[in-house]
Amino acid sequence: MKKEFLDLGRHPIANAFLDEKDFENEFFFDLKVCWDENTKLVSIKEFVEPERIFNEDYPYNTSNSFPMIQHFKNTAMGLKKDFNPNSVLEIGSNSGAFIENFPKDNSYCVEPCDNFAEVTGNMGYKTWTDFWTTELSNRIKNSVGKMDLIYAANCICHIHDLDDTFRAVKNLLSEDGVFVFEDPSLLRILERGSYDQIYDEHPHIFSVTALKNILERNNLQIFNIDNLSVHGGSNRIYVSHKDTFPQNSSVEYNLTEEHIFGVNTFQTYEIFADRVATSKKKLIDLLSDLKGDGNKIMSIGATAKSTTVFNYCGIDTDLIDIISDTTLDKQGKFSPGVHIPIVSRDEIDILNYNYVYLGAWNFKDVIAEREKGFVENGGKFITHVPDVMVFS
Ligand code: JHZ
């Protein structure tokens, strides 16, 4: 049975940055969150049709966050060393930051957003412009055969039907093949109060506990887990056919850690919901006080996460003047729902601002290093993770 624990109100599509002419027709949905007592999976209650989200206008480009290019390079090197795959498929290949580290003749991409499918296609990788389904995995198998490595980053938690997703993986995975995927960790979100990882693109937030339950009922097995710092704390899950690789101690370690924190108990989610409500109140109070004192506040990173924060807290141009982002396709547009203008970082003089809210708090260190001059000039940062605070 699914039990609701959090109601974040009405939300737009988190990555649907828009022009002024489209304000009137903006799409909104109810963002509520549930916990499934049987599988222990956390999911949003009302899924948004994937075609509304992942289409030719999808703006999130991995390569615009330069630390992620290095992350995917290191990931690719590690997987080559550990598994030496002959054939590789990436599900949700985006700008190709991972696949570009593999040879073009036996590496393949699946990407439903036409704009990005075109990018990897032009790079020379055969790309299926499709959503990941069992039907697609059959087509790929018939066309190029089974895969030794199937990889997906920040993609599997985007897919509604997880049973079909894992059946499709099993169907295409060679006998000794590995399926490796990484997504934000539910445990880290609960620990850090980072409720902003919840939006339309994340219909599920994965615990290892829930993944184990759903993978096992599809005859797949987790044999290793890496805990990563990216995106505020993610898990990289290594999966194989049953009894192919020995399960190492990281699996039990993660399950125990989650159990001790209370991932298997509904009360944990009720406590989280209270923390989210407190965070909202504190952030609104802080920004309102600062604004009331005549400060100028901007945000760095027009993230999907900040769409959740701004819409849940009702933060608009009364509190945040402007957002800067490195992504060309976001610049010149307005943020979903609350319509804060987005510009290139080069277009603004940050020294005209007293405070910077970190929409991309997951890149806090990189941004703080780059904006040293802002701090030296007396500027301060604001974040809501793990608690609402000001720092410099
Ligand atoms: P970032 C997206 O979430 C959506 P978002 C998606 N659902 C997902 O799962 C994660 O990514 C992985 C900009 N930036 O990575 C670039 C600066 O402006 O936190 C990006 O637009 N200056 C697929 O959107 C944004 O911030 C900088 O110095 O929450 C970061 O987005 C840096 C480093 C980034 O993901």
Side-chain angles (χ1 to χ4, degrees), residues 11-17 44 48 50 52-55 58-72 75 90-95 97-98 111-113 115-116 152-159 181-186 188-189 194-206 228-236 298-311 322-333 335-336 340 342-348 350 356-372 374 381 383-385:
H11 282 254
I13 302 293
N15 262 316
F17 299 91
I44 65 174
V48 176
R52 256 191 200 283
I53 307 171
F54 305 108
N55 49 46
Y58 186 69
Y60 180 78
N61 182 333
T62 304
S63 305
N64 278 111
S65 297
F66 69 91
M68 295 311 291
I69 298 174
Q70 195 56 44
H71 169 78
F72 287 117
T75 304
E90 184 178 12
I91 311 170
S93 42
N94 195 262
S95 58
F98 172 80
E111 174 53 67
C113 305
N115 50 341
F116 285 111
N154 302 300
C155 172
I156 300 300
C157 78
H158 292 182
I159 307 177
F181 65 106
E182 54 188 81
D183 291 287
S185 148
L186 174 70
R188 301 293 165 241
I189 290 170
S194 46
Y195 68 89
D196 51 353
Q197 290 285 10
I198 303 166
Y199 46 87
D200 55 296
E201 250 175 68
H202 290 171
H204 310 291
I205 308 281
F206 290 149
L228 312 171
S229 61
V230 289
H231 294 296
S234 300
N235 288 329
R236 181 178 295 145
M298 64 169 283
S299 179
I300 293 187
T303 57
K305 295 184 289 293
S306 59
T307 298
T308 292
V309 176
F310 294 163
N311 283 277
I322 208 155
I323 305 173
S324 78
D325 198 285
T326 48
T327 312
L328 269 179
D329 287 344
K330 295 182 186 177
Q331 294 164 8
K333 304 244 175 187
S335 72
I340 304 174
I342 301 161
V343 294
S344 151
R345 171 65 189 80
D346 301 334
E347 267 180 65
I348 46 172
I350 198 168
V356 167
Y357 170 75
L358 289 174
W361 54 263
N362 43 316
F363 294 115
K364 180 179 108 194
D365 295 341
V366 177
I367 294 170
E369 175 62 28
R370 199 183 277 169
E371 304 298 356
K372 267 197 213 139
F374 167 68
F381 293 108
T383 186
H384 69 283
V385 178

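Note that ligands are numbered from 1 as they come in the structure, with each ligand's atoms numbered from 1 the same way.
Residue-level proximity to ligand 1 for F17 is absent, since no heavy atom of it falls below 4.0 angstrom. Contacts with ligand 1 closer than 4.0 Å are made by side-chain heavy atoms of T327 only, the backbone lying farther away. When non-hydrogen atoms are compared, ligand 1 lies under 4.0 Å from the side chain of Y58 (C-beta onward) but not from its backbone. Both the backbone and the side chain of D325 come within 4.0 Å of ligand 1, judged by heavy-atom distances. Counting heavy atoms under 4.0 Å from ligand 1, residue N362 touches it through the side chain alone. If you look at N15 next to ligand 1, the close heavy atoms, those under 4.0 Å, all belong to the side chain. In H158, the part holding a heavy atom less than 4.0 Å from any atom of ligand 1 is the side chain. Only side-chain heavy atoms of E201 come within less than 4.0 Å of ligand 1; its backbone N, CA, C and O stay farther off.
Judged by the shortest distance from any of its heavy atoms, K330 lies inside the 4.0 Å radius around the atoms of ligand 1. Put simply, no part of W361 is less than 4.0 Å from ligand 1, judged by heavy atoms. Ligand 1 lies less than 4.0 angstrom from a heavy atom belonging to Y199. Look at H202 and you'll find a heavy atom under 4.0 Å from some atom of ligand 1. Every heavy atom of M68 sits 4.0 Å or more from the atoms of ligand 1.
Which parts of ligand 1 touch I367 is read off a 4.0 Å heavy-atom cut-off, strictly below it: atoms 28 (O). Each of the atoms 16 (C), 20 (C), 30 (C), 34 (C) of ligand 1 lies under 4.0 Å from some heavy atom of S65.
Counting protein heavy atoms only, atom 22 (N) of ligand 1 is closest to T326 CG2, 3.7 Å. Counting protein heavy atoms only, atom 10 (C) of ligand 1 is closest to H231 CE1, 3.9 Å. In terms of protein heavy-atom proximity, atom 27 (C) of ligand 1 is nearest to R370 NH1, 3.9 Å. Among protein heavy atoms, atom 35 (O) of ligand 1 sits closest to Y60 CE1, 3.5 Å. Nearest to atom 32 (C) of ligand 1 among the protein's heavy atoms is F363 CD1, 4.2 Å. For atom 24 (O) of ligand 1, the closest non-hydrogen atom of the protein is A304 N, 2.8 Å. Closest protein heavy atom to atom 29 (O) of ligand 1: K305 NZ, 2.7 Å.
Taking the six-membered ring for Trp and thresholds of 30 and 60 degrees, H384 and Y357 have nearly parallel ring planes, at less than 30 degrees apart. Note on ring orientation: taking the six-membered ring where Trp is involved, the planes of Y58 and F54 are tilted (angle from 30° to 60°).
Residues R345 and E371 are in side-chain contact: their nearest non-hydrogen atoms beyond the backbone lie under 4.5 Å apart.
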